[in-house]
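First up is the structure itself, then whatever we jot down about it.
Heavy atoms only: backbone and side chains are in, while hydrogens, waters and symmetry mates are out. Keep in mind the model is a prediction, meaning the values are calculated, not measured. Reminder, nothing fancy here: chain letters follow the sequence lines and each chain counts from 1.
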Amino acid sequence: MAGDLLAEFEWRGLLSQASSPDELAAHLNSGTRAIYCGFDPTADSLHIGSLVPLLALRRLQVLGHKPILLLGGATGLIGDPSFKAQERALNGPDVVAGWVAKLRTQVEAFVDFDCGEQSAIIVNNLDWTADVPVLDFLRDVGKHFSVNAMIQKESVKQRIEREGEGISFTEFTYMVLQSFDFAKLNELHDCTVQIGGNDQWGNITGGIDLTRRMNRQRVFGITLPLVTKADGTKFGKTESGTIWLDPAKTSPYSFYQFWLNAADEDVYGYLRLFTFLQQNEIEAIEAADAASTGRRSAQGILATEATRLVHGDAGLEAAQRISDALFSGEFANLAEGDLEQLALDGLPSTEVDGTGMTLLDALVESGLAQTPRGEVTLGQARKFVQGNAVSVNGQKISDTEAMLARENALHDRFHVLRRGKKLFHLLKWR
RNA sequence: GGAGGGGUUCCCGAGUGGCCAAAGGGAUCAGACUGUAAAUCUGACGCGAAAGCUUCGGUGGUUCGAAUCCACCCCCCUCCA
């Protein structure tokens, strides 16, 4: 029924490590298995880093398994030290609980909760940890862990060995908690497989060992690759910050643009990781691009597919509408309603009063005059204008004394400000 | 509790009384080139048009003058107990 699931993961580049691959394959191909992945609330939204495991759960469900989405209401209070260079500040219980609620609505969109045996479920590890007495926990769970083995884990080794850093007992304990989750889910929901990012390997194997010791059950782990970029910079960040899944934090337009700007070296790998396109389809795209000289088609396909997965058809349409309008440069041809729609679609916009303002003020007002450090200053606005980086309604302006007059606005109401190649802002006269 | 090392502008990291708004690298931003790429080149990179103002863990002090010296405090790391 499941087909050769691991083979599917393999060609997509989704397989980083797997415990006992042969037995795991047999296990997955011989029935519906409950497979879990945890998501810790470290912010009020997930970002695209979580997209790989989220989509992996969906792929597993499509292939006949039952996804369990675990929200780290408990682990989020502790903080995962895995491969983190520094100890992190603790977040308050109320804050974490609020984030859990937000993540819940977010992850729900990715799996099916009503499809019989494979229906997904959502759990919160706070439910089985909050009321465990410390002494019971230390005796029943802690006894199974060897500190000698724990400090050997690659994930914490650098923290322990690195001069100038350290690790608190709190974070050191994280692995024990996550391992306990696996054992608990095994007991409560017959969960036998855990997936996670490659940085989770240490935590996952900890859970495998604990489940064997506490429940006498054989369970498995799979890790997914951490997405990288060919140029070595961190995946998922742009000049304007992290790419979030929450449309209120990263508009579908920005999300779409993020994928559209993927590097050629990365884009075909991303098609495998972030879309449900089949192997032959992706290979066809690759071949077509190799045969042409201009812009690659892959980025557009990736942006379209990924945006639809996360923001739906409506989000995708909005994103494309804005992109087409802005990058065609044909502002004059846009109808008043079109411009209005762009603002509704998520193009950043600001309303201003009066009959005119200086260009520099407009750049500050709109937030476009942002320094590399993230501050918005008049001086930076001046630098941009002097550096020929600013255009208004498609016209480059390099005069720092320039005024924006309402009478020159498109449809008497709009100025489209552009700073650099890719940053736009709509100024609306009230 | 004892001994030692350390906290510099987003990050790493020089700087040990004036020439320091603070070397160098990275990241970031802009321009040119281009495909809304990559690579490369150029410029910017505390605030300010400028004068000047505000920065080097914190608070006081010494001095004409301090990131640099002194005192106390906070935080981090290593080793010992």
Just one of Leu347(A), Leu342(A), Leu417(A), Ile322(A) clears the side chain to side chain contact (heavy atoms under 4.5 Å, CB included) bar with Phe424(A), so which one? Leu347(A)

Rounded to whole Å, the CG-C1' distance (Leu260(A) to G35(B)) equals 10 Å

Watson-Crick or G-U counterpart of C10(B), or none if no pair lies under 3.5 Å: G26(B)

Does the ring centre of Tyr270(A) sit less than 6.0 Å away from the ring centre of Phe235(A)? yes

Between CD of Gln370(A) and C1' of U28(B) the distance, given in whole Å, is 10 Å

What verdict does the side-chain hydrogen bond (donor to acceptor under 3.5 Å, both in side chains) test give for Lys153(A) and Asn203(A), after you've listed the backbone C-alpha separation in whole Å, the side-chain angles of each residue and the deciding distance to 0.1 Å? CA-CA 9 Å; Lys153(A) 300 270 184 189; Asn203(A) 294 333; over 6 Å; no

Assigned partner base of G46(B), Watson-Crick or wobble definition, under 3.5 Å: C53(B)

Could you tell me the separation between the CD atom of Gln320(A) and the P atom of U36(B), rounded to a whole number of Å? 16 Å

Using Watson-Crick geometry (N1-N3 plus N6-O4 or O6-N4) or G-U wobble (N1-O2, O6-N3), each under 3.5 Å, U40(B) is paired with A32(B)

Expressed as a whole number of Å, how far does the P atom of G46(B) sit from that of A81(B)? 48 Å

Determine the Euclidean distance between corresponding P atoms of G7(B) and G57(B); express it in Å to zero decimal places. 8 Å

Is the Lys NZ or Arg CZ of Arg59(A) less than 6.0 Å from the centre of Phe9(A)'s six-membered ring, within 45° of the axis? no

Spacing of Lys383(A) atom NZ relative to G48(B) atom P, expressed in whole Å: 7 Å

Same-atom distance (C1') from G43(B) to A66(B), integer angstrom: 33 Å

Base U36(B) paired with Gln257(A) side chain (donor-acceptor, <3.5 Å): yes

